[in-house]
Amino acid sequence: MTRIHGILATVLLTAFLVLGCSSNANSDAKSIIKNQANVTEDYVNGLVSAKNADDMVAAIENYTEGMKKLIPELKEFEKNYPEYKQGKMPEWMEADIKRLEAASAKIPEAMMKMVTYMMDGKVQAAMEKMGQEMSKLE
């Protein structure tokens, strides 16, 4: 269960990094947030709709791959736009921010379904791989 909490904390940290944007937003910022919202929504929907361990593994692996592609963008974005941590969002980004916030808010509940499959070795391996990828955000 501690591993789940650690991964959840990392996922939420990722969301907060992207959510902390300022008024100097540009198309890169919108693209990153939109992509993260898509990846996060797909992850939550995959967890919620999982009917067995294989479905759960697929949701975890898809999220891991999506984040693996986004992590370098998120790190570069944070480096290039340190002012985005101030928490002021331009209006034109609000729709994607709300999507990301809504998807992120569903993660704890969706992860509770994962507990059913946590003893499955494939799920544990997928969670481990996801944890390794998410640790690259730090």
Participant: Would E133 and K136 count as a salt bridge (Lys or Arg N to Asp or Glu O under 4.0 Å) if you check the C-alpha gap in whole Å, the side-chain angles of each, and the deciding distance to 0.1 Å?
Facilitator: CA-CA 6 Å; E133 286 302 321; K136 293 177 182 175; 3.2 Å; yes

Participant: When you look at K122 and M56, which way does the side chain to side chain contact (heavy atoms under 4.5 Å, CB included) test go after all the steps?
Facilitator: CA-CA 9 Å; K122 294 180 285 188; M56 190 66 62; over 6 Å; no

Participant: Which value, rounded to the nearest 0.5 Å, describes the distance between N52 atom CG and D120 atom CG?
Facilitator: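 N52 atom CG to D120 atom CG measures 9.0 Å (nearest 0.5 Å).
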
Participant: Identify the two heavy atoms, one from A59 and one from G46, that lie closest to each other, and give their separation to 0.1 Å.
Facilitator: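 Minimum heavy-atom separation between A59 and G46: CB-C, 3.6 Å.
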
Participant: How about M114 and I60: do any of their side-chain heavy atoms sit closer than 4.5 Å?
Facilitator: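 A side-chain contact exists here, since the closest heavy-atom pair is under 4.5 Å.
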
Participant: Has T116 got a side-chain atom pairing as donor or acceptor with K113's backbone, closer than 3.5 angstrom?
Facilitator: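 It does hold such a pair.
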
Participant: Using a 3.5 Å distance criterion without hydrogens, assess whether the side chain of K75 forms a donor-acceptor pair with backbone atoms of L70.
Facilitator: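 Looks like no, no N/O pair under 3.5 Å.
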
Participant: Quick check for you: to the nearest 0.5 Å, what is the distance between M118 atom CE and Q124 atom CD?
Facilitator: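 These two atoms lie 5.5 Å from each other.
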
Participant: Measure the shortest side-chain to side-chain distance between M130 and M67 over non-hydrogen atoms and say whether it is less than 4.5 angstrom.
Facilitator: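 No, too far: nothing below the 4.5 Å cut-off.
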
Participant: Among residues at least two apart in sequence or on other chains, which ones pass side chain to side chain contact (heavy atoms under 4.5 Å, CB included) with E65?
Facilitator: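 If we apply the side chain to side chain contact (heavy atoms under 4.5 Å, CB included) test to E65, skipping adjacent residues, the hits are K68, K129.
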
Participant: Can Y63 and T40 be said to form a side chain to side chain contact (heavy atoms under 4.5 Å, CB included), step by step?
Facilitator: CA-CA 7 Å; Y63 180 74; T40 304; 4.2 Å; yes

Participant: What heavy-atom pair brings V57 and A126 nearest, and what distance separates the two atoms?
Facilitator: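 Closest approach of V57 to A126, heavy atoms only: CG1-CB, 4.2 Å.
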
Participant: Can you measure from NZ (K69) to CD1 (I71) and round to the nearest 0.5 angstrom?
Facilitator: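 Reported to 0.5 Å precision, the distance equals 12.5 Å.
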
Participant: Hey, does Q36 have a side-chain heavy atom less than 4.5 Å from the side chain of L74?
Facilitator: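 The answer is yes; the side chains approach within 4.5 Å.
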
Participant: Determine whether D42 and N62 make a side-chain contact, defined as any pair of heavy atoms from C-beta on separated by less than 4.5 Å.
Facilitator: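 Answer no - side chains too far apart.
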
Participant: If you round to the nearest 0.5 Å, how far is CD1 of I33 from CD of E101?
Facilitator: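 Result: 10.0 Å between the selected atoms.
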
